[in-house]
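These numbers come from the heavy atoms of this one structure, side chains and all, not from hydrogens, waters or symmetry mates. Residue numbering restarts at 1 for every chain, and letters A, B, ... go by the order of the sequence lines.
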Amino acid sequence: MYRRILTFATALLLLAGARDLAAQQRQVTGTVTGSDLAPIPGAAVTITGTRRGVSTDAQGRFTISVPAGDASLTVSRIGYTSRTVAVPAGQSNVSVTLATDVLNLEAMVVTGQATAVRRQNLANAVSVVTAQDLTRAPAQTLEKALQGKVAGANISTNSGAPGGGVQIQLRGVSSIGGNPDPLFVVDGVVVSNERIASGQNAVSQAARGVNFSASQDQVVNRIADINPQDIESIEILKGASAAAIYGSKAANGVIVIRTKTGRAGAPRFSVSQRFGYSELSRRLGSRDWTRDAAVDFFGEELELPDGTIYSVADAFNADGTPKQTFDNEEAVFGRRAPARETNLSVSGGSEATRYYVSGTLMDQEGIAANTGYSKESIQLKLDQSFGPRVRLGVGAGFSHSTASRGLTGNDNAGVSYYSAISFTPSFFDLSARNGAFPYNPFAASNPAQTAALMTNDEDVYRGIASANLQVDLLDSEQHSLKFLANGGVDYFEQRNQLFFPRELQWEGDDGFPGTAGLTTGENTNINGNFNLVHTFAPASGAFTATTSGGVQYEDRDLTIARLVGRNTTSRIPSNAASVATVGDRNRARDFGFYVQEELLLFGERMTLTGSIRGDKSSNNADADKYFYYPKAAASYRLSDLTGFLDELKLRVAYGSSGNLPNYVDRFTPLTGGTNLEGVIGLRVNGAVGAADLHPERTTEIEGGFDAILLGGNARFEFTAWRKKVTDFIISPPLAPSTGFGIFTFNGGEFEVKGLEMMLEATPVRRGGFDWITRTTFAMDRAEVLDLELPGDDPAYNPGFHFGFDYGGFRVKEGESPTAMWGKSPDGEKIYGDVNPDFRMGFANDVSWRGFTLSTLVDWAKGGLAANLTRSYYDDAGTSPDYTACNDGSENCGASQRVAAFGDGHAVYIEDAGYVKLREVSLSYNLPDNLLSRLGGGRVESARISLEGRNLKTWTDYTGLDPEVSNFGNRPVGRAIDVTPFPPSRTFWLGINLGF
Amino acid sequence: MRHSAARLTVLAGTLAVAACGDLAIPDYQNPPLDDLLTNPTVTTVKAAATGVLQGTRQDHDTYVKWGGIIGREGYFLDSNESRYVRLLFNGTPAATNFTGSSYWTTPFRNVRTAELLILALDHPNITMTAQEEEAIRGVARTIQALDLYQVLQTREKIPVDLPPLDQLTTPAPIVERAAAFQRIVDLLNQGRTHLAAGGGSFPFPLPSGFTQFGFDTPADWVQFNRALLARVEVMRATMANTGAVDPARYTAALTALGESFIDLTPVPNPLDDRSVLNKGTYQTYSGTAGDVANTLYDPSGKTVADSTLRRDVEVGPSGPDARFQVKTTDAIARFTVNGLSSDLRFTHYDNRPFFGAGGQASPIPIIRNEELVLLRSEARWFTGDHAGAMADLNWVRVNSGGLAPIAQPATDADFVTALLRERRYSLMYEGSHRWIDFRRFGRLAELATSAQSQLRNPAVASDKAVTWLPLPSNETLPRQ
């Protein structure tokens, strides 16, 4: 392999022309250090105004040839503020000190498949999140680590279940029923965020009678497998204008992840060890009963299937008060669950060969028995230079995770934990006595028993390998030509093992005691891209022009096999007396090409960008047809301004990107899989795919300004944007009397407008006291402009709700697609929007003498949710506010809700706004003198920290968690709350050593 | 430089072309509609004939369940879905959710499958004999009539036409009941003509729901077809839903019954052998992989029988009504939803099925002999043959219930009361009969309050029974 790469590289080198030879030269040597005087390796040292330069070695040293006479050098390194220093004619040695770039002004941000610009020249508002921001308080998955940190990213968990299941929505909705998630790119490889249902529907029967497929299985989207610890930085291209270069898969934005790479020098080890625990952070409470109320509601006594009698009356004292009151939420979710996490990494190498190896071992138990999340991963990055012109980087990561998810969410069998808890009155104790769980006469199941005996484990084995090759074909004073090839494979296998033993109270309810399930999902994404980048910087310095072009190919293949065995004692479903199997396969192939031109003008004050991308895909009805996505953007920096304003950048960007139809959308099939006593039949399936089905198109214009204030101590970003989603794909029902059910076509247009603001500042930086603060603000509003359905008042119900009795969704011209509709006595009306009115995030880091206190507060103002969990409690007579009805009156809140529901009011729609204290971390860096005493000089750094996640929620919402989505990730269809896994808070104590 | 860039562009271009091949990917999950529409084969046509029988059983259990809840026959007490009680039982089904929108899509889809099957038979690819093709057409038309009839018994007005495939966004007009009934009668008559020309056997296998009682040739299907017509004509006779009747339709029903499989062979012990009563056609279910299970089989105990069936049961010379004894059993009142609860369960989709092993494979009657006798009793009464009517009614009392005969009632209204009693126990929870009967004789108010006694929580006591399910909003929205 090595030889072949070399041969290939050599061939490319031969293609490059001869280099211009510089005339009169002199040598300058120097060192680059940080403000702590530690050497900075890998810093770029260039002759100011030219493209010529070198980088520093492991000791921060460099040697560069500069023209005779006075010169100046520009020194830059990601993470530091760049500096320009003068090197007068006689000087041959220079030392440069770089200050930390606290506000990330210097970050390089991707603008194309193969190009990047400094953030200060960017024409789009691209958010950058660094490793430090991500891992302040450990999160189980990447998306949770991003919550509250990015303006314009609405990140919501679907439930509190261990593991993933989180939706990232960038700048509001971009689709109605299509793919809801952004595109994830890790080190240049498009990685899968596929969602594979566990198969718990086999026991929950959540989808009974309704063709929701398995979307109610509390599904995890697989970006959860990316280990936050391995990430160097994340760039979030929020809108179509920034993401246009990614074409027909980028309408929901693009999240570009760079993993950590090696740094030249002696091996540097880092070890961190954390211990922690989780606990239930919110509970619903339950009605306090009197004997009369209980007997009136449940009857004097209840007969159990074994013929014994449970006496309701016996649970009460002579005076009518309960003998004992039990917290049955605690009985199921009361575990103080231990957690541990170990991270190891080593990095080093020479300038030519750099390596980074890391490993993570993590195990977090969940708050219910048999729940938790554990992960083991190993990551390797290797960068090799073959001479000065060829660089090859390879990355390989492998991880295994196990998410034990419990049995929660909507069900129709009474087996989901909160569904059974809600029906169990507080005078009945669900917990085990002498190891035996009592029969629950009030519900189908005893959830404490279910939790103790069941298995619902999701094992994922995932490998992502990437390679990127960069060849400098030409590198002269004025021209450079690079060839970049980038490709990789993302493969994972997901195995869901479910087992519900026969002794569970409910396991005979379907006539088949004992259920075992096995779902195997296998996904392969193979993709690659090839690019040429030409940069031209004329000697005049008037401009720099970067021209790039390339092609990209992707093949995604997902196969799912699902086995369910009923009437069994075995965990192997195929050993069961009754076995059912289903299978599924989804595959897509995409091809695209692009050309892009970026111009830096007027001493890099002005940036102009234009590009076009063409894409075709097998998911379109016509797999050979190209769809084109243009982009144009400009920015201008005004610097050296007076007063408090240091620099002001004005920017505007316009672009389009797309969202592909789902695999099945384009087909008009028959149903052929089922049989009638063994004879296969063919029937009309009901789905009709439009003959011209094509991608949804989002066209966005954004504009705004970035201001650098107070001598670089503050930065303010303001962006206003407007996007139009045209040709959005809908699957409105055909009148069922036609014999067909749904018609999938490109049928409308909606508009979303929004604002984003961010203020980053270092209000105090003196005397060893540092305070860094960041506040983000974002809001958006959507409106359906056109719906190409027949009729005067076109509207359709996109599903993924439980009817307007509880609150649901309707797409209608002139209204917001995410509006929540509910019944009222005058017909269905809009109660509000599930999208929050606005979101704000407040991050603050305060450091003093080695101590750092960091906090992150996440605020979602407004936004509705349909709280069906509460309706369960109302049906069961157990809502806490039923207590006031113990006197037999109908004057309590719950009773009034039931009455109002009957009168056609959607009483379960609630305000789901919240303020959450997401992260708190207090850490202490041991001072050097202590370090040298403890570590004998070998330990370079040591940090002790106390961390907490999701410590506190303030909300008016009466459900478990205002962040909720029974149907998982949905563009339209979130915020339906049906007995979810409750939220937990986590505390950690950690030690981090560097040596 | 320009030179090398050009060469590299060529290189990249080559790679692009290499990757740029045919991207198309087929449907891995399902065969295309064109297998029946544009390119049918003898194999796909036979499979579609089986598909029509699959399609008609697909939601038949829903038809029984919904009509059962509204007709106060049996309830579905689901803690997780109180709307079976809050809305359906309480008389306010909603067009926008399953309480009002169920039993609509599936029957129409099957009408379409049958229509495409009939079209496919005319395709030159299909090299079957004329008799084989006629037999299949006869099945398709008869099942279309059955599906439309059952939909018409749940809604006041329905569409009866299928729009052309290129005009699916323009659904057919919704027609009045008289026109809908006429369409159903026409379909049955067409089906009969085709079946009569259908030769001695069917070219595709029939499931046990038809073969159990020998409905396995086109000639047997003619009898089945006429039995359906008899039922449709009786329903047509009481179409006014006020108790007013149309004797001409009853006469037509009597003619159809004469060509049906009505059978008055005495039943020695109705607790033991009910095969004469059960003779008929059934929807077939099975719990084996890839087949469809009968969801009326519900070991969870959520499906309960109305406990007034026990309160109201008659006792005959040798014990309580045999129909009650065979089809119900005492149970614990395990679930209470909004105060509704019951300690009685059905057994005829459980351990005492109409035939077979029971459980998930329990068949659901389409139409059977016991109903034919009751239809004839009604038709005879309202065509003036009171003695004949009583003979039939008492045949059912004696041979199905093990009860003593009753004397001839004095008035039409009293006869209807007696008839509805027998129909309640004879046709218990097998086809929405009680709801339909109380509606067509204008007695829904009486039905609504009949279940009061088993409600514990008077706040949700229902005094309103559903007259019609609404047209689903999916059906009405595309028409606005």
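A side-chain donor-acceptor contact under 3.5 Å links S208(B) and E677(A). A donor-acceptor contact closer than 3.5 angstrom is absent between the side chains of R86(B) and T99(B). In this structure, a donor-acceptor pair under 3.5 Å is absent between the side chains of S416(A) and D411(A). Side chain to side chain, T56(B) and N110(B) fail the donor-acceptor criterion of an N or O pair below 3.5 Å. Inspection of the T96(B) and N797(A) side chains reveals no N or O donor paired with an N or O acceptor under 3.5 Å. In this model, no donor atom of one side chain and acceptor atom of the other lie less than 3.5 Å apart for S617(A) and N619(A).
Each of N620(A), T979(A), D584(A), V579(A) has some count of heavy-atom pairs under 4.5 Å with chain B, and the biggest count is that of D584(A). Between chain A and the options F108(B), Y285(B), F335(B), the largest number of non-hydrogen pairs under 4.5 Å is found for F108(B). Chosen from S79(B), G301(B), S101(B), the residue pairing most often with chain A at heavy-atom distances under 4.5 Å is S79(B). When the candidates D805(A), V564(A), L868(A) are compared by the number of heavy-atom contacts under 4.5 Å with chain B, D805(A) comes out ahead. With chain B as partner, the option from F667(A), F593(A), F512(A) having the largest number of non-hydrogen pairs under 4.5 angstrom is F667(A). Each of R585(A), E303(A), K823(A) has some count of heavy-atom pairs under 4.5 Å with chain B, and the biggest count is that of R585(A). Heavy-atom pairs under 4.5 Å with chain B peak, among S871(A), P733(A), G803(A), at P733(A). Put simply, of G686(A), G550(A), A580(A), G508(A), the one with the most heavy-atom pairs under 4.5 Å next to chain B is G686(A).
The part of L165(B) that comes within reach of chain A is its side chain, from C-beta onward, which places non-hydrogen atoms under 4.5 angstrom from that chain. For chain B, the nearby part of A443(A) is the backbone; its heavy atoms alone come within less than 4.5 Å. The contact between I25(B) and chain A is made by backbone and side chain atoms together, counting heavy-atom distances below 4.5 Å. Both the backbone and the side chain of P305(A) come within contact range of chain B, with heavy atoms under 4.5 Å apart. The contact between V679(A) and chain B is made by backbone and side chain atoms together, counting heavy-atom distances below 4.5 Å. Proximity to chain B is absent for every atom of A420(A), based on heavy atoms less than 4.5 angstrom apart. Only the side chain of N97(B) has a heavy atom closer than 4.5 Å to any heavy atom of chain A. At a 4.5 Å heavy-atom cutoff, V978(A) makes no contact with chain B through either its backbone or its side chain. At a 4.5 Å heavy-atom cutoff, F204(B) makes no contact with chain A through either its backbone or its side chain. Heavy atoms of T44(B) lying under 4.5 Å from chain A belong to its backbone as well as its side chain. Within the 4.5 angstrom heavy-atom criterion, no atom of Q167(B) approaches chain A. Looking at I680(A), the atoms closer than 4.5 Å to chain B (heavy atoms on both sides) all sit in the backbone: N, CA, C or O. Only the side chain of R666(A) comes within less than 4.5 Å of a heavy atom of chain B; its backbone N, CA, C and O stay farther away. If you measure heavy-atom distances from I174(B) to chain A, you find no contacts under 4.5 Å at all. For a residue to count as touching a neighbouring chain, one of its non-hydrogen atoms must lie under 4.5 Å from one of that chain's; by this rule S737(A) touches chain B with backbone and side chain alike. Contacts of D59(B) with chain A are absent, with no heavy-atom separation under 4.5 Å from either backbone or side chain. Contact annotation for P207(B): both backbone and side-chain heavy atoms come within less than 4.5 Å of a heavy atom of chain A. With a 4.5 Å cut-off on non-hydrogen atoms, F442(A) does not touch chain B at all. Proximity to chain B is limited to the side chain of Y806(A), based on heavy atoms less than 4.5 angstrom apart. For E115(B), no part lies under 4.5 angstrom from a heavy atom of chain A. Interface residue P163(B): only side-chain heavy atoms are found under 4.5 Å from chain A.
Annotation: side chain of Q54(B) is not in contact with side chain of V292(B) (no heavy-atom distance under 4.5 Å). Using a 4.5 Å cut-off on side-chain heavy atoms (C-beta onward), Q144(B) and L148(B) make no contact.
Using the six-membered ring where Trp is involved, F423(A) and Y872(A) have ring planes that are perpendicular, over 60° apart on the 30 and 60° scheme. Note on ring orientation: taking the six-membered ring where Trp is involved, the planes of F536(A) and H479(A) are parallel (angle under 30°, cut-offs 30° and 60°).
The salt bridge (charged side-chain N to carboxylate O under 4.0 Å, His left out) search around D291(B) returns R57(B), not counting sequence neighbours.
Relative to the ring axis of F802(A), R83(B) does not place its NZ or CZ within 45° and under 6.0 Å from the centre.
Residues L162(B) and T738(A) approach most closely at CD2-O, 3.9 Å, considering heavy atoms.
Taking the six-membered ring for Trp, Y84(B) and F98(B) have ring centres closer than 6.0 Å.
Of the charged side-chain nitrogens involved, none lies within less than 4.0 Å of a carboxylate oxygen, so that K302(B) and D509(A) do not count as a salt-bridged pair.
Applying side chain to side chain contact (heavy atoms under 4.5 Å, CB included) to P32(B) and the options L36(B), N30(B), D35(B) leaves one that passes, D35(B).
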